[in-house]
Every structure is written in structure tokens, then in C-alpha cells.
Amino acid sequence: KGGKEQLVIDAGQKHFGTTICKSCGMIYTASNPEDEIQHLQHHHRFLEGIKYVGWKRERVVAEFWDGKIVLVLPHDPSYAIKKVEDVQELVDMELGFQQVVPMCPNKTKTFLFIDEKRVVGCLIAEPIKQAFRVLSEPSATKECSRAWRCSDVPEPAICGISRIWVFRLKRRKRIARRLVDTVRNCFMFGCFLSTNEIAFSDPTPDGKLFATKYCNT
Ligand code: ACO
Ligand code: ZN
């Protein structure tokens, strides 16, 4: 429980004595026994959660030199659904989300970016009808405010991205970009969605930086 707090509080800061684990990516104070215990707990759970053994029938929707993207649909075999649930739990823990129930659980599409034997990226998409454009930067406080101002005029949209996440140690390698490209290509059969037809729900500061960059390029 404390592990996720640690991740949030220490993210991006370089306090004296903090360490980043090279396998699970957690930032913690190695000299603090309590922190070390939290790290060990997080470490095993995390590595187990992202472990990907390969499935007999997997739906590979994109392939790259450094990995591939696998699509999981609601009626897939239980081992695939279980993996998606495990990964989503880790993602939600990191994002600090409470239980979020999808609007149309039987229409959710989950895209997993796999490298070697791990899930290093995850994007959860669901059909939507409208979205509200984010208007401006929030007040210039350093706090992680999520209160972006939104337009109150709904605009039509097709695909809502309810979660996008990349493993901390694999960020800034265009994994998120490739996940979104793949969603635009696969979400609706036979068409490539424009950036206006996709919407990021409740973006975090990281998510907003990514989305702004992605949508302008
Ligand atoms: N700060 C500034 N610019 C960024 C950042 C950032 N943290 N992340 C991405 N960008 C911009 C950059 O311009 C980047 O291109 P560059 O590296 O050539 O400069 C461009 O977006 C593409 O970035 P990617 O490499 O494709 O993004 P990445 O794979 O690192 O994943 C993500 C981005 C998913 C936001 C990652 O940082 C993450 O998982 N963060 C924690 C979880 C999170 O906050 N997710 C968003 C939640 S909102 C939602 O789920 C709807
Ligand atoms: Zn670790």
C-alpha cells in the first residue's frame, strides 16, 4: 500500500539516498528498512504481474524490432483476461485510481506492448460517443493537479483511452506512441481514426504531456 505512495512522491525527484531498482523501476530509500520491505513486496508482485509467458493463440496486431502489440478482447480465454486484470491492477495502483468500472466492459479493447517476456505497455480503449476538449493549462502550481479546465461543449468522438501506461524503465522509447497508432488502426475495422476521434480520459500530467505532443505531430 505504501509502495505506491512512494512511487508517486518520489517520481522524478532525486533525493539524497534514493535508489531506483533496475528491474521493477521502484524508487526508494535503500537505507530505510521500511522502504526496503515495501520495495521487496512491490518488486515481486510487479514482476509477476508483468510477466508474459506467451500464449498459444495471441492476437498480434503490430510488430516491431523491440517488441510486439497484442490485442485482448473481452471474450478471450481466461488466461488472457487474467493477465489484463493483473496488469490493470498495477497500472491503477501507480495512477492512484480507485476501482474504475468500464462503461461497456464487453466492448473494451486492451492493447499490451510485449518485449521479451514482459508486458511493458498497456492501453485500454473503449467506445465513446462524445468528449470534452481540454481548454487550458491548470494554474501554475507544482502540485499534480488533475483539474484541467474542460470545454462544456461535447464533441463527437469514437474511441476513449481510459488508461495508457508504460513501464517506468521503458519510457520515452515511443511505446505509448506506437500503442496509440495501433489503436487508431485497429479500433474500428477498415478505418484509421483521426486524433480528433480519440480522447484521453482524465489525463495525468505525464499523460497530458504525451497526448499534447502526440496530437500535434
Ligand atoms: N514529459 C514530457 N514529454 C513527454 C512525456 C513526459 N513525461 N512523456 C511523453 N512525452 C512526449 C515526448 O515529446 C515524447 O517524444 P520524445 O521522447 O521524442 O520527446 C512523445 O510524447 C512520445 O512519447 P512516448 O515515448 O511514446 O511515451 P512513453 O512511452 O514514455 O509513455 C506515458 C508516455 C504513457 C504517459 C508514460 O509516461 C507513463 O506510463 N506514465 C505514467 C502513467 C500515466 O500517467 N499515464 C497516463 C494516464 S492518463 C490516461 O490513462 C488516459
Ligand atoms: Zn525492484
Side-chain angles (χ1 to χ4, degrees), residues 2-4 6-13 18-30 32 35-51 62 64 66-67 69 87-98 100 102-103 108-115 118-126 128 131-134 137-138 144-148 150 157 159-184 195 198-217:
K4 65 187 166 188
Q6 199 63 38
L7 278 173
V8 175
I9 294 162
D10 283 348
Q13 299 176 7
T18 55
T19 315
I20 179 156
C21 173
K22 287 194 180 68
S23 25
C24 76
M26 181 167 161
I27 303 157
Y28 64 102
T29 314
N32 178 336
D35 246 35
E36 264 187 288
I37 291 169
Q38 277 178 4
H39 166 239
L40 281 178
Q41 285 167 346
H42 173 267
H43 187 92
H44 295 296
R45 187 168 168 202
F46 185 85
L47 294 183
E48 201 51 44
I50 66 167
K51 189 158 99 191
F64 308 98
D66 58 345
I69 296 178
V87 171
Q88 188 180 339
E89 198 180 312
L90 296 174
V91 172
D92 285 358
M93 218 159 65
E94 185 173 335
L95 290 175
F97 280 9
Q98 304 300 323
V100 183
M103 290 195 298
T108 302
K109 297 184 177 176
T110 305
F111 296 80
L112 301 176
F113 193 105
I114 312 288
D115 91 333
R118 299 179 305 182
V119 176
V120 294
C122 171
L123 188 158
I124 304 180
E126 54 187 9
I128 54 168
F132 299 88
R133 192 169 295 277
V134 175
E137 295 297 316
C144 298
S145 154
R146 280 202 202 168
W148 321 112
C150 285
C159 170
I161 295 175
S162 76
R163 306 278 197 301
I164 181 162
W165 168 88
V166 171
F167 175 33
R168 185 180 298 275
L169 301 175
K170 296 294 247 177
R171 288 185 191 159
R172 304 304 284 271
K173 296 180 193 300
R174 316 208 136 212
I175 290 178
R177 179 180 285 278
R178 287 178 280 172
L179 279 165
V180 180
D181 286 344
T182 305
V183 170
R184 289 170 66 192
T195 52
I198 59 170
F200 295 84
S201 69
D202 190 19
T204 57
D206 268 355
K208 193 165 180 265
L209 287 165
F210 165 75
T212 308
K213 179 75 182 181
Y214 181 89
C215 293
N216 291 332
T217 48

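Every heavy atom of this structure was used, including side-chain atoms; hydrogens, water molecules and symmetry mates were not. Heads up: numbering here begins at 1 and tracks the sequence. Both ligands and their constituent atoms are indexed starting at 1 by order of listing.
Checked against Ile175 for a side-chain contact (heavy atoms from CB on, under 4.5 Å), the options Ile164, Val166, Asp115 give a single hit: Val166.
Pocket lining of ligand 1, defined as residues with a non-hydrogen atom under 4.0 Å away: Leu95, Ile161, Ser162, Arg163, Ile164, Trp165, Val166, Arg171, Arg172, Lys173, Arg174, Ile175, Ala176, Arg177, Ser201, Pro203, Thr204, Asp206, Gly207, Leu209, Phe210, Lys213.
Annotation: cation-pi geometry not satisfied between Arg118 and Phe167 (NZ/CZ under 6.0 angstrom from ring centroid, within 45° of ring axis).
Side-chain atoms of Arg177 never come within 3.5 Å of backbone atoms of Phe210 as a donor-acceptor pair (strictly under, hydrogens ignored). Between the side chain of Asp35 and the main chain of Thr29, a donor-acceptor pair closer than 3.5 Å is present.
To the nearest 0.5 Å, atoms CZ (Arg178) and NZ (Lys173) are separated by 10.0 Å.
Classification of Asp66 and Lys170 as a salt-bridged pair fails, no side-chain N sitting under 4.0 Å from a carboxylate O. Salt bridge absent: Glu48 and Arg45 never bring a charged side-chain N and a carboxylate O closer than 4.0 Å. In summary, Glu94 and Arg163 do not engage in a salt bridge, as defined by a charged side-chain N under 4.0 Å from a carboxylate O.
Pairing each heavy atom of Cys122 with each of Thr110, the nearest pair is SG-CG2, 4.1 Å.
Excluding waters, the set of protein N/O/S atoms under 2.8 Å from the Zn ion (ligand 2) reads Cys21 SG, Cys24 SG, His39 NE2, His43 ND1.
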